[in-house]
Amino acid sequence: MQVLFFLGIQSILACCVILYFNLDFTWAALLAIPLMIVLVLMGTAIGVILVPLGALYKDVGESVGIILRFAFFLTPVVYPPPETWPYSALVQWNPVTPLLMGARDLITKGSVSDIVPIMVTSGGVFFVGAIALIFFHISVPIVLERLGA
């Protein structure tokens, strides 16, 4: 619920920025909402996988912050995607990139240049999410037994 709350606040701020810079609103911009939902589901799936591991091994919880800081720089949030190798390969293989750039293109341009990476990544998110739920349901009794609860 906290993630959805912050998504709502950030969406309001994004609308204010769009109004401030006088960007043309197209109905295609509303298609960015499902892409943002897929991004939230991606984070949730990764979190569901990491929760049992973090309960058993404290290093997992501590390393997530370091990995996320590094991953932030691999995602073209505040800079255009690099075109020279090896940086372009790192950004291209980042699963967040097609969803984020697709949402940004829909909001600012009203269209997406390439839909295939978005569809592949979205399908992968739903597949990993299903695997994460199965992993969670299998691992929770084991984690509880190891923790002595």
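- By the rule that hydrophobic residues join a cluster once side-chain heavy atoms approach within less than 4.5 Å of another member, F6 and L100 end up as members of separate clusters.
- The side-chain heavy atoms of L35 and L31, taken from C-beta on, include no pair separated by under 4.5 Å.
- Between the S63 side chain and the V60 main chain, a donor and an acceptor come within less than 3.5 Å of each other.
- Both I118 and V125 are members of a single hydrophobic cluster when ILVMFWY side chains are connected at heavy-atom separations under 4.5 Å.
- With rounding to the nearest 0.5 angstrom, the CE atom of M101 is 11.0 Å from the OG1 atom of T75.
- Of the possible polar contacts, none joining the T97 side chain to the W93 backbone as a donor-acceptor pair under 3.5 Å is found.
- Among all heavy-atom pairs drawn from D105 and S113, the shortest one is OD2-OG, 4.3 Å.
- Residues that satisfy the side chain to side chain contact (heavy atoms under 4.5 Å, CB included) test with P52, not counting sequence neighbours, are F135, F136, S139, V143.
- Remark: Y57 OH to E62 CD distance equals 15.0 Å, nearest 0.5 Å.
- The hydrophobic cluster containing V40 does not contain L13, counting ILVMFWY residues as joined when their side-chain heavy atoms lie under 4.5 angstrom apart, directly or transitively.
- M42 CE to S122 OG: the interatomic distance, rounded to the nearest 0.5 Å, is 7.5 Å.
- If you chain together hydrophobic residues whose side chains sit under 4.5 Å apart, V128 and L53 fall into the same group.
- Linking ILVMFWY side-chain heavy atoms closer than 4.5 Å, directly or via other members, places I134 and L41 in two distinct hydrophobic clusters.
- Here the closest heavy-atom approach between residue G102 and residue V112 is recorded as O-CG2, 4.0 Å.
- Proximity of I107 to M36: side-chain heavy atoms (C-beta onward) are separated by under 4.5 Å at one or more points.
- Across A132 and V48, no two heavy atoms sit closer than the pair O-CG1, 3.5 Å.
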